[in-house]
Peer 1: 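Handing you this structure, nothing more for now.
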2 protein chains.
Amino acid sequence: MTETKIKPITVIIVEDFKLTRVGLRCALNANPDIDVVAEAEDAVEGLKLIERYKPDVILMDLGLPGMNGIEAMIKCKEMHFDSKIIALTSHDRSEEVIASLSSGASAYCLKDIDPSKLADVVRDVSTGVCWIDPMVAQMTLNALPKIESVGVLPEKSSSDGMVPLTEREFEVLKHLVMGKSNTEIAKELIVSVHTAKAHVCSILQKMCVNDRVQAAVKAVKEGMV
Amino acid sequence: MTETKIKPITVIIVEDFKLTRVGLRCALNANPDIDVVAEAEDAVEGLKLIERYKPDVILMDLGLPGMNGIEAMIKCKEMHFDSKIIALTSHDRSEEVIASLSSGASAYCLKDIDPSKLADVVRDVSTGVCWIDPMVAQMTLNALPKIESVGVLPEKSSSDGMVPLTEREFEVLKHLVMGKSNTEIAKELIVSVHTAKAHVCSILQKMCVNDRVQAAVKAVKEGMV
DNA sequence: TAATAAATTAGACAATCGGGTAATGGATTA
DNA sequence: TAATCCATTACCCGATTGTCTAATTTATTA
């Protein structure tokens with residue numbers, strides 16, 4: 001049963017302090033299911049390594065010299081790998097927390113985190129979990145938009161009275177979000193323009209929006225695509 | 001190690017389905033460090049029990065009959081215990097997620113979560129961690145305010161060699177993202193339609209996109225708005 | 001002062017969009 | 001079997017879009 005071994009979670013560490021870097025690597029490599037494949041001491045080098053290794057998880061220090069961690073995360077997201085990012089700092093500035101989480105990070109850890117707990121976070125994050133350190137959890141939650149609606153749950157129905165899209169409509173929606181015209185969508189899906197238009201039309205109605213721009217924005221914001 | 005036993009994490013479950021309730025209790029009580037001290041099948045009863053037991057963690061179903069879970073959480077927070085709340089549902093409506101997290105929940109789990117993982121979440125949350133299920137993590141992070149307001153970035157930032165937009169163009173872009181037509185944008189900014197069109201045109205060129213949909217999507221994804 | 005950039009307006013034109021209405025075949029369900 | 005839902009196609013029509021050229025004013029910069 002040599003083949004029952006599961007592929008380990010690959011990790012890249014981007015951190016300028018040598019000592020911290022060593023500490024992180026040791027803490028993580030102590031776990032057989034986690035594999036630190038590369039390390040960088042600045043963002044530029046880090047981005048190169050990320051491009052080469054396409055790791056599952058990136059441990060990103062925020063206080064890097066030169067390009068800071070947040071800029072690096074933004075560039076990282078633009079590369080469209082689905083690497084998950086854990087933001088790592090020693091301080092807890094509110095703006096920095098929010099900025100990193102809204103710029104691509106899936107987790108926020110303070111550096112005094114317990115090493116074994118960090119490994120847990122790496123595992124969690126690799127599956128898509130959002131994990132936020134207790135020290136900054138409350139401030140993050142407070143930054144979420146308040147919803148003044150006692151009627152948030154007036155029966156189920158839908159996400160704003162949203163009728164679920166059919167499979168085909170989802171396909172169309174994806175192309176729509178890419179900015180394709182009805183003609184282009186029709187060509188991609190090998191149907192007539194009329195069909196594409198029909199789908200778009202019913203997408204707009206089901207999503208309760210007036211035009212394709214609103215549909216695209218809503219789809220992106222709600223992570224439908 | 002009878003004397004090394006640590007005080008277990010106390011938990012109250014508020015869930016209307018008997019079967020789910022039993023399942024939750026079993027899954028959690030299987031852990032010696034977790035103690036389900038009480039259960040309720042509706043919010044009113046739940047609040048009474050919470051007041052009596054002041055548990056470390058509350059497992060709150062959102063789809064309760066009568067007073068719903070979100071209302072219950074708000075009332076719960078008003079009681080000023082520092083119980084942590086885990087919101088629990090079987091669906092993943094965007095508004096429900098945001099609403100519960102901004103109303104007091106520290107975690108959001110979908111009901112198909114692995115039982116042993118749930119125990120981990122209970123432990124995490126009891127220490128103050130914010131934990132969000134992978135299925136809804138992205139949409140939650142997207143709901144966080146974008147960074148342009150935060151002075152974390154040393155000028156400009158993202159966008160690969162993108163020509164910077166002028167102030168006016170940014171205004172237009174904001175309206176564009178809301179799905180407004182050129183006519184509507186013109187009306188809002190008190191200019192002629194020609195002007196609005198001119199701005200849109202130069203926005204498209206500067207952002208290197210072909211149409212307003214792509215512009216809107218790019219703006220949202222890169223947090224320009 | 002001269003040059004440059006931004007904001008504004010205008011007219012025109014082909015292409016596209018969104019909303020109607022309506023019909024057909026296939027699949028699933030009551 | 002009848003009733004629905006979905007995907008598909010078609011036509012019409014008014015509104016909107018994106019691009020073009022071209023002009024004026026203001027503010028900033030060289």
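Heavy-atom basis, side chains included; hydrogens, waters and symmetry copies ignored. Numbers restart at 1 for each chain; the letters A, B, ... are given by sequence-line order, proteins then strands.
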Peer 1: Got a donor-acceptor contact below 3.5 angstrom from the B:Thr195 side chain to the B:Val191 backbone?
Peer 2: no

Peer 1: Just the rounded figure in Å: distance from P of C:dG18 to CD of B:Glu184.
Peer 2: 13 Å

Peer 1: Roughly, in whole Å, what's the span from CD in B:Glu169 to P in C:dT8?
Peer 2: 10 Å

Peer 1: Pick base, sugar-phosphate or nothing for A:Ser181, based on heavy-atom distances below 4.0 Å to the nucleic acid.
Peer 2: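 Sugar-phosphate, no base atom in range.
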
Peer 1: Please determine if a side-chain N or O atom of B:Asn182 lies less than 4.0 Å away from the OP1 or OP2 oxygen of D:dT17.
Peer 2: yes

Peer 1: Name the nucleic acid region contacted by B:Val200, choosing base, sugar-phosphate or nothing; use a 4.0 angstrom heavy-atom cut-off, strictly under.
Peer 2: sugar-phosphate

Peer 1: So does B:Cys26 get a backbone contact from the side chain of B:Asn29, meaning a donor-acceptor N/O pair under 3.5 Å?
Peer 2: no

Peer 1: Rounding to a whole Å, what distance do you find between B:Gln214:CD and C:dC17:P?
Peer 2: 12 Å

Peer 1: Could you state the CG-P distance from B:Asn210 to D:dT17, rounded to the nearest angstrom?
Peer 2: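 Those two atoms, CG and P, are 16 Å apart.
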
Peer 1: Given atom CZ of B:Arg212 and atom C1' of D:dA15, what is their separation to the nearest angstrom?
Peer 2: 13 Å

Peer 1: At under 4.0 Å, does any side-chain N or O of A:Arg168 touch on OP1 or OP2 of D:dT8?
Peer 2: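 Looking at the OP1 and OP2 atoms of D:dT8, one of them is under 4.0 Å from a side-chain N or O of A:Arg168.
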
Peer 1: Could you check how far CD1 of A:Ile185 sits from P of C:dC17, rounded to whole Å?
Peer 2: 8 Å

Peer 1: Looking at the side chain of B:Ser192, which of D:dC20, D:dG18, C:dT9 is the nearest nucleotide?
Peer 2: C:dT9

Peer 1: Remember a base hit wins even if backbone is also touched, and classify B:Thr195 as base, sugar-phosphate or nothing at under 4.0 Å, heavy atoms.
Peer 2: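 Here B:Thr195 touches the bases of the nucleic acid.
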
Peer 1: Rounding to an integer number of Å, can you tell me how far A:Ile190 CD1 sits from D:dT8 C1'?
Peer 2: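 These atoms are roughly 14 Å apart.
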
Peer 1: Just the rounded figure in Å: distance from C1' of C:dA6 to CZ of B:Phe170.
Peer 2: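 Distance, rounded to whole Å: 15 Å.
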
Peer 1: OP1, OP2 of C:dA7 versus side-chain N and O of B:His194: anything below 4.0 Å?
Peer 2: no

Peer 1: If you define the side chain from C-beta out and look only at heavy atoms, does anything of B:Ile13 sit under 4.5 Å from B:Met60?
Peer 2: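 B:Ile13 vs B:Met60: side chains apart.
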
Peer 1: Closer to the 5' end of DNA chain C via nearest nucleotide, is it A:Lys197 or B:Ala196?
Peer 2: B:Ala196

Peer 1: Find out whether A:Lys206 and A:Leu173 are in side-chain contact, i.e. whether some heavy atom of one side chain is under 4.5 Å from a heavy atom of the other.
Peer 2: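 A:Lys206 vs A:Leu173: side chains apart.
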
Peer 1: Please say whether more than 12 non-hydrogen atoms of neighbouring residues, nucleotides or ligands are located less than 6.0 Å from CE in B:Met135.
Peer 2: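 At most 12 heavy atoms, drawn from other residues, nucleotides or ligands, come within 6.0 Å of this atom.
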
Peer 1: Ignoring backbone atoms, establish whether B:Thr166 has a side-chain N or O less than 4.0 Å from OP1 or OP2 of C:dA5.
Peer 2: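 Negative; the distance criterion is not met.
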
